[in-house]
Amino acid sequence: MFKQIPLGPIQTNAYVLYNDKKEAVIFDPGGDGEAFINWLNNEELNPLAILLTHAHFDHIGAVDELRTAFNIPVYLHTEEHNWLGDPSLNGSSRLTGRALTTAKPADYDLEDETELTIGPFTFSLLHTPGHSPGSVSFYYKEEAIVFSGDVLFQQGIGRTDLHGGDHAQLLSSIHKKILPLPEDTTVASGHGPLTTIGQEMDHNPFLTGY
């Protein structure tokens, strides 16, 4: 089971994956930390870890609040290890009139494309750079869902005009890592509604003619 929860200054989708025992994994807590913590407590969920698809400001705004509240580790790809504490890398310095966003370094650096087990949850790690160098997609086969961050959206793809972005690399990541997943796989994107691999193969205008 999972829940999509828009958070933070631009309502970035956070996700909470949980089971019948109320064990949970949190993806991309972008902001509104106090409200998010209250929701998790009200649902009596037991968070085990925070998994970051990448380290842009709108995906990390509540990382430290949640990490402290539940005493849980944070996972992030090693190529963006320095981004959490650097507003020029995580993009928050681009915003005028808003406070800079920072967080403490991740507890664990993700490197190899392998399986990652957090409590009862096992994910396949897919390194999917292009939107950012350390973008990672987490495929949870048990429920046929991929948490893709800002790689693939409903009829859209991630922007590539930010630090470390690369349009050709993003398209390569999508075609080599995401689209080979089963067509009924739910794509849980960082922004917008849920979609599926099959829907995007058929209808995403950015993916035709590649």
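As the structure is a computational prediction, the values presented were derived from the model and not from experiment.
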### Task
If a pair satisfies salt bridge (charged side-chain N to carboxylate O under 4.0 Å, His left out) and one of its residues is in residues 67-80, list it, with sequence neighbours excluded.
D64-R67, R67-D107

#### Entry: salt bridge (charged side-chain N to carboxylate O under 4.0 Å, His left out) pairs, two or more places apart, involving residues 84-93
none

Which residues pass the side-chain hydrogen bond (donor to acceptor under 3.5 Å, both in side chains) test with [X], sequence neighbours left out?
X: E200; answer: T195, N204
X: S189; answer: none
X: T53; answer: D28
X: S124; answer: none

Within the structure provided, determine whether [X] and [Y] are in side-chain contact (heavy-atom separation under 4.5 Å).
X: Y15; Y: L194; answer: yes
X: I26; Y: L40; answer: yes
X: L152; Y: F206; answer: no

### Task
Just grab all the side-chain hydrogen bond (donor to acceptor under 3.5 Å, both in side chains) pairs involving residues 29-47, residues at least two apart or on different chains.
none

### Message
Determine whether the aromatic ring centres of residues H59 and H191 are separated by less than 6.0 angstrom.
### Response
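Judged by ring-centre distance (under 6.0 Å), H191 and H59 do meet the cut-off.
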
[X]: ring-ring contact (aromatic ring centres under 6.0 Å, His included) partners, not counting sequence neighbours:
X: Y75; value: Y108
X: F123; value: F27, Y140
X: F36; value: none

### Message
Please report the interatomic distance CD1(I10) to CG(N13), rounded to the nearest 0.5 Å.
### Response
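Result: 10.5 Å between the selected atoms.
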
### Message
The criterion is salt bridge (Lys or Arg N to Asp or Glu O under 4.0 Å); which residues satisfy it with E115, sequence neighbours excluded?
### Response
none

### Task
Report the residues that fulfil salt bridge (Lys or Arg N to Asp or Glu O under 4.0 Å) with D161, sequence neighbours left out, ordered by chain and then residue number.
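Residues passing salt bridge (Lys or Arg N to Asp or Glu O under 4.0 Å) with D161: R159.
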
